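Report on the structure given below.
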Amino acid sequence: MGPGGLVLSREAPPAGVVAELASRLGEAESALLRVITALAHLEPVSTEIAALAAVQVRPAPPCVRLTALPVHADAVGMRFAAVVDLLAEEGLLAASSHRALRARTADVSVLVRRWIGGGPACDGRDALALRIAGIAMRPLLRHLSLSLEPPDGPASSASRRCPYCAGGPDFATTSRMARVLYCARCDAAWRAPRAGCAFCGESRVDRLAFRRAGEPPYGLQVCASCRHYLKSVEVPVSGYLAIERALSAPLDSGARATGLVG
């Protein structure tokens, strides 16, 4: 945990920690844990990092325009293929989907631009390809956003969007008086108001629901106004964001099955 005991590490968790946790989980849960923590090990290559020097960093949030990011097709394609192979190896991708998605590696630059633009997918498999393209860009975004975070801990922001890439949050660590949000797109952390919906700012008690589930108990806040949900934890199992995301993943499935948006 980082400054103040509330900030999770965005680094890849040690293999021994992951293996020990996986041994205590069921087959499906341990596969998710291995996949999500493996994604944290993906890194940008040196040429991508060098190219970030030409990216303009604005003083006001969001600091970085996604359209300004360098897209090195070889490096991003390598990570795209690695994610597709990992999903197949863990039994989370059918053989036909694996072949079809592997074939999209050649189009990774186009997929990344479409992912940045946020346009609609043609079908379910195309939607998955776009999501994997975003995952393949995350290591570069993570490297950039972490380099912009203040050394003494996450910046405070009243915004409900990541101050670096304008992504939305997908996880939070909380205490009685504070909340740290984590960006689903770049893994950046920022301090935000403890109360209210993290997406639309709704503060009426009758429009917000909160429950705890799992072991240890993870929180799930649901907003009836914008239909978004946010996972959170007060006492993490580990000090790593990747592990907390993985262990709380069953809450995502249940929430999305009811039409909620993460």
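None of these values were measured; they are calculated from a predicted model.
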Is it the case that more than 12 heavy atoms not belonging to Arg113 sit under 6.0 Å from its CZ atom?
yes
Can you check side chain to side chain donor-acceptor pair (under 3.5 Å) on Ser225 and Arg207, steps first, answer last?
CA-CA 6 Å; Ser225 295; Arg207 302 297 292 171; 3.2 Å; yes
Using the side chain to side chain contact (heavy atoms under 4.5 Å, CB included) rule, take Thr174 and Leu6 through it: C-alpha gap first, then chi angles, then the decisive distance, then the call.
CA-CA 7 Å; Thr174 62; Leu6 194 60; 5.5 Å; no
Qualifying residue for salt bridge (charged side-chain N to carboxylate O under 4.0 Å, His left out) with Asp170, from Arg138, Arg245, Arg185, Lys231:
Arg245
Measuring only between side-chain heavy atoms, which start at C-beta, is Pro61 closer than 4.5 Å to Trp190?
no
Could you go through Arg212 and Glu234, starting from their C-alpha distance and side-chain angles, then the distance that decides it, and tell me whether this counts as side chain to side chain contact (heavy atoms under 4.5 Å, CB included)?
CA-CA 11 Å; Arg212 298 186 187 278; Glu234 289 187 5; 3.2 Å; yes
Side chains of Leu148 and Ser145 in contact at under 4.5 Å (non-hydrogen atoms):
no
What one should report as the nearest heavy-atom pair of Cys183 and Gly167 is SG-CA, 3.8 Å
Any non-hydrogen side-chain atom of Ser9 less than 4.5 Å from a side-chain atom of Leu241?
no
Verify side chain to side chain contact (heavy atoms under 4.5 Å, CB included) between Tyr218 and Val237, making sure each step is shown before the conclusion.
CA-CA 10 Å; Tyr218 288 93; Val237 168; 3.9 Å; yes
Is there side-chain contact between Cys162 and Pro62, with at least one heavy-atom pair below 4.5 Å?
no
If we only count heavy atoms from C-beta on, is the Met137 to Trp115 side-chain gap below 4.5 Å?
yes
Taking all heavy atoms of Ala68 and all of Val55, pick out the closest pair and write down the distance.
O-CG2, 3.7 Å
According to side-chain hydrogen bond (donor to acceptor under 3.5 Å, both in side chains), does anything in residues 38-51 pair up with another residue at least two apart or in another chain? List the pairs.
Glu48-Arg79
Please examine the side chains of Val112 and Leu69, heavy atoms only from C-beta on, and report whether any two atoms are closer than 4.5 Å.
no
Spacing of Cys197 atom SG and Tyr229 atom OH [to the nearest 0.5 Å]:
13.0 Å
Can you name the ring pair (Phe, Tyr, Trp, His ring centres under 6.0 Å) partners of Phe171, sequence neighbours left out?
none
Would you say the side-chain atoms of Ser97 pair up with the backbone N or O of Leu93, donor to acceptor, closer than 3.5 Å?
no
Should we say atom CD of Glu20 is surrounded by more than 12 heavy atoms from elsewhere, each under 6.0 Å from it?
yes
Cluster overlap Leu128 with Val83, hydrophobic side-chain contacts below 4.5 Å
yes
Pairwise distance CZ(Arg24) to CD(Glu29) - rounded to 0.5 angstrom
13.0 Å
Given side chain to side chain donor-acceptor pair (under 3.5 Å), test Arg10 with Tyr182 step by step and report yes or no.
CA-CA 9 Å; Arg10 273 60 55 78; Tyr182 299 87; 5.9 Å; no
Could you state whether Ile135 and Val76 fall into the same hydrophobic cluster, counting links through intermediate Ile, Leu, Val, Met, Phe, Trp or Tyr residues with side-chain heavy atoms under 4.5 angstrom apart?
yes
With a cut-off of 3.5 Å and sequence neighbours excluded, list every side-chain donor-acceptor pair involving residues 100-110.
residue: Arg102; atom: NE; partner: Asp85; partner atom: OD1; Å: 3.0
residue: Arg102; atom: NH2; partner: Asp85; partner atom: OD2; Å: 2.8
residue: Arg104; atom: NH1; partner: Asp126; partner atom: OD1; Å: 3.4
residue: Arg104; atom: NH2; partner: Asp126; partner atom: OD1; Å: 3.0
residue: Thr105; atom: OG1; partner: Arg102; partner atom: O; Å: 2.8

Enumerate, atom names and distances included, each donor-acceptor pair closer than 3.5 Å involving a side-chain atom of residues 31-40, sequence neighbours excluded.
residue: Arg34; atom: NE; partner: Glu90; partner atom: OE1; Å: 3.3
residue: Arg34; atom: NE; partner: Glu90; partner atom: OE2; Å: 2.9
residue: Arg34; atom: NH2; partner: Glu90; partner atom: OE1; Å: 2.8
residue: Thr37; atom: OG1; partner: Leu33; partner atom: O; Å: 2.6
residue: Thr37; atom: OG1; partner: Arg34; partner atom: O; Å: 3.3

So, Arg179 side chain and Pro193 main chain: donor-acceptor pair closer than 3.5 Å or not?
yes
Nearest 0.5 Å, what's the CG-SG distance between Leu66 and Cys165?
6.0 Å
Just wondering, do Pro44 and Pro139 contact through their side chains at under 4.5 Å, heavy atoms?
yes
Taking atom types as modelled and ignoring hydrogens, do the side chains of Ser232 and Gln221 form a donor-acceptor contact shorter than 3.5 angstrom?
no
Distance-minimising heavy-atom pair for Cys223 and Cys200:
SG-SG, 3.6 Å
So the ring pair (Phe, Tyr, Trp, His ring centres under 6.0 Å) pairs with at least one residue in residues 69-100 (sequence neighbours excluded) are none
Looking at Arg125 and Ser96, what are the two nearest heavy atoms and their distance?
NH2-OG, 3.9 Å
Minimal heavy-atom distance between Ser30 and Ala22, with the atoms involved, is CB-O, 3.7 Å
Phe199 and Pro169 have their tightest heavy-atom pair at CZ-O, 3.3 Å
Test: side-chain hydrogen bond (donor to acceptor under 3.5 Å, both in side chains). Region: residues 53-65. Which pairs qualify, not counting sequence neighbours?
Arg65-Thr67
If we ignore hydrogens and angles and just use 3.5 Å, is the side chain of Arg114 paired with the main-chain N or O of Leu130 as donor and acceptor?
no
With the 4.5 Å side-chain cut-off for hydrophobic clustering, are Leu140 and Val57 part of the same group?
yes
Does Glu149 reach the main-chain N or O of Ala189 with its side chain, forming a donor-acceptor pair under 3.5 Å?
yes
Are Val45 and Met78 packed together at the side-chain level, in the sense that at least one heavy-atom pair is separated by less than 4.5 angstrom?
yes
Using a 3.5 Å distance criterion without hydrogens, assess whether the side chain of Thr173 forms a donor-acceptor pair with backbone atoms of Val233.
no
Grouping I, L, V, M, F, W and Y whenever their side-chain heavy atoms are under 4.5 Å apart, do Ile132 and Ile116 come out in a common cluster?
yes
Does Leu247 belong to the same Ile/Leu/Val/Met/Phe/Trp/Tyr cluster as Leu230, with side-chain heavy atoms less than 4.5 Å apart forming each link?
no
How about Arg211: does its CZ atom have over 12 heavy atoms from other parts shown lying under 6.0 Å from it?
no
Closer than 3.5 angstrom, by distance alone: can the side chain of His228 be matched with the main-chain N or O of Cys226 as a donor-acceptor pair?
yes
